[in-house]
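These notes concern the structure reproduced below.
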Number of protein chains: 2
Amino acid sequence: MGRRNLGDEANGRATLASSIYEQIRDEIVTGALAPGEKLRIEQLKQRYDLGTSPIREALNRLSMEKLVVQFDQRGFVVAPVSQEDLHELTDARCSLYGILIPRSLEQGDTQWEENIVICLHRLNRAQWLVGDPARLNPAARMAHRDFHRSIIAAAGSPPLVDFMDTLFDFSERYRLLAQQNREAPHRPTSNEHAEMADAAINRRTNDVLELCQTHVRRTAALVDRLFEEQGLPGSNYR
Amino acid sequence: MGRRNLGDEANGRATLASSIYEQIRDEIVTGALAPGEKLRIEQLKQRYDLGTSPIREALNRLSMEKLVVQFDQRGFVVAPVSQEDLHELTDARCSLYGILIPRSLEQGDTQWEENIVICLHRLNRAQWLVGDPARLNPAARMAHRDFHRSIIAAAGSPPLVDFMDTLFDFSERYRLLAQQNREAPHRPTSNEHAEMADAAINRRTNDVLELCQTHVRRTAALVDRLFEEQGLPGSNYR
DNA sequence: AATTTTGAATTAATCGATAATATGATTCAA
DNA sequence: TTGAATCATATTATCGATTAATTCAAAATT
């Protein structure tokens, strides 16, 4: 609580605004910041030992991403969650898979195949390194996302592929929120990923589509059930 | 040029950041701010008679929207354009129509139908009020967007419908950029819109899909040709 | 000539303070 | 009691100044 700048992580030299953006984003996605929670500027300033500007810039970015809701003159709030929203999200992802998977398998070349293999390997390693793949370890979460992206990467439609990435993070948020209060976190069977990779590389379009959509829908159903049992997180904010 | 605050436009009471966000966004979409143009904070401060905060917040928002590109420590630039980008954009829109139109026509109820009729009417009126529908008059541009959204509004997938809206604005930007140096701007034949509305309300799914995709592709091709002839705007920025 | 170094000028990022607005409790009137 | 009005407090939004980083050109070096 007295250091300064640091910056330059993956990037050459990040601004404080970019660093804090990443951090807050991560805390929202992992549920460290609860849905509906008020984000008071003064509080955040103290918590992260920063001035107003970088924090407000970060929150402005997050509000465009819909991870934060901004009310003019009344500040910022962590985006709420709802079962309806989860459903719409799931639905959108499945629809987009319907477009992107056939295209990607059709256009994918050798490099695309090899990238899938690498991403699968990294995902498995990451899972091996720490107990739970996606919950605690940020690197593992990234590996998970990279793997899913690698499948559709050859679809050649950056707008849609990027959008899928966004939706992935949103789903991830729901997953992590749901299992937050749980002992045994839901662990994606590595088997399932291996099957996806295999089916993709061997151009079994229908199988890949089926696997991905099922994967997405099953996880969503699980989350939905947990919410049903435990109630929605963040219902305790005004 | 010494007024202050004003704020509250459409909204109850907007912040300066929100107002300037809207304004800069509009200037980028209409081409008043050219692709690749450097957005110097100091310059913008003077131009709009504002302090740093609202302007930086606006630019941070725009960078998440990809209308502006941010380089950490090196400021902001109006997002560049390219024929490749236009093509990807067009492609993505057509794909999404493939999902959204069938769904919307299937689920659309009476209210949905009536909304289409109203949007069509407003679009026609807006065109009648000023010479060119979409180029100069912001209200007409909005009417145009509203009409296109009204067709797919009943698809029931807010993430995808919102995303379509974003893509619409991007296409609009290309269209406006291309005709910027032109005497006779491309005017969407109001006929075409009437046909769309009719086909949608009468649930002729294939016709609507065909009309929308053709509409999008034809405009894109036109823009593409103009770029080919005139060169890409914004090639004169470093 | 090409590259590196240096340093002034420019520009970006950030801070701390102020102004504007909202919130919530309290009083007052009905 | 209810509801409006008032005021004190908390919070947000904005500004102006400071600090940090980049750029660019001139000088020095190879």
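Throughout, a chain's letter reflects where its sequence line sits, starting with A, and its residues are numbered from 1. As the structure is a prediction and not an experimental result, all values here were calculated from the model.
- Rounded to whole Å, the distance from CG on A/Leu50 to P on D/dT18 is 21 Å.
- Here A/Ser157 pairs with nothing under the side-chain hydrogen bond (donor to acceptor under 3.5 Å, both in side chains) rule; sequence neighbours left out.
- As a whole-Å value, the separation of B/Gln70 CD from C/dT11 C1' is 14 Å.
- Residues satisfying the side-chain contact (heavy atoms from CB on, under 4.5 Å) criterion with A/Ala32, sequence neighbours excluded, are A/Glu27, A/Thr30.
- A straight line from CD1 of B/Ile20 to P of D/dT14 spans 11 Å, rounded to a whole angstrom.
- Under the ring pair (Phe, Tyr, Trp, His ring centres under 6.0 Å) criterion, B/Tyr97 pairs with no residue, sequence neighbours left out.
- Atom CD1 of B/Ile55 and atom P of D/dA13 are 17 Å apart (whole Å).
- The side chain of B/Arg56 places no N or O atom within less than 4.0 Å of a non-bridging phosphate oxygen (OP1 or OP2) of C/dA12.
- Going from atom NZ of A/Lys45 over to atom P of D/dA13 covers 13 Å, rounded to whole Å.
- One interatomic measurement links the two molecules: CD of A/Gln73 to P of C/dA20, which rounds to 12 Å at whole-angstrom precision.
- For A/Arg122, there are no salt bridge (Lys or Arg N to Asp or Glu O under 4.0 Å) partners at least two apart in sequence or on another chain.
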Anything under 3.5 Å between a protein N or O and an N or O of nucleotides 9-11 of chain D, put it in a table, one pair a line.
| unit_1 | atom_1 | unit_2 | atom_2 | d |
| --- | --- | --- | --- | --- |
| D/dT11 | OP1 | A/Arg40 | NH1 | 3.4 |

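- In terms of phosphate contacts, B/Arg13 brings a side-chain nitrogen or oxygen within less than 4.0 Å of OP1 or OP2 of C/dA22.
- The 5' end of DNA chain C is approached more closely, in terms of each residue's nearest nucleotide, by B/Leu39 than by the other of B/Ser53 and B/Leu39.
- Although no hydrogens or angles enter the test, the distance criterion places no donor-acceptor pair under 3.5 Å between the side chain of A/Trp112 and the main chain of A/Ser104.
- Shown here are the side-chain hydrogen bond (donor to acceptor under 3.5 Å, both in side chains) partners of B/Thr52, two or more places apart in sequence or in another chain: there are none.
- Between the P atom of D/dC15 and the CD atom of A/Glu57 lies a distance of 14 Å, rounded to the nearest Å.
- Rounded to whole Å, atom C1' of C/dA12 lies 14 Å from atom CD of B/Gln43.
- Ion pairing between a basic and an acidic side chain is recognised when a charged N comes within 4.0 Å of a carboxylate O; B/Arg225 and B/Glu229 show such pairing.
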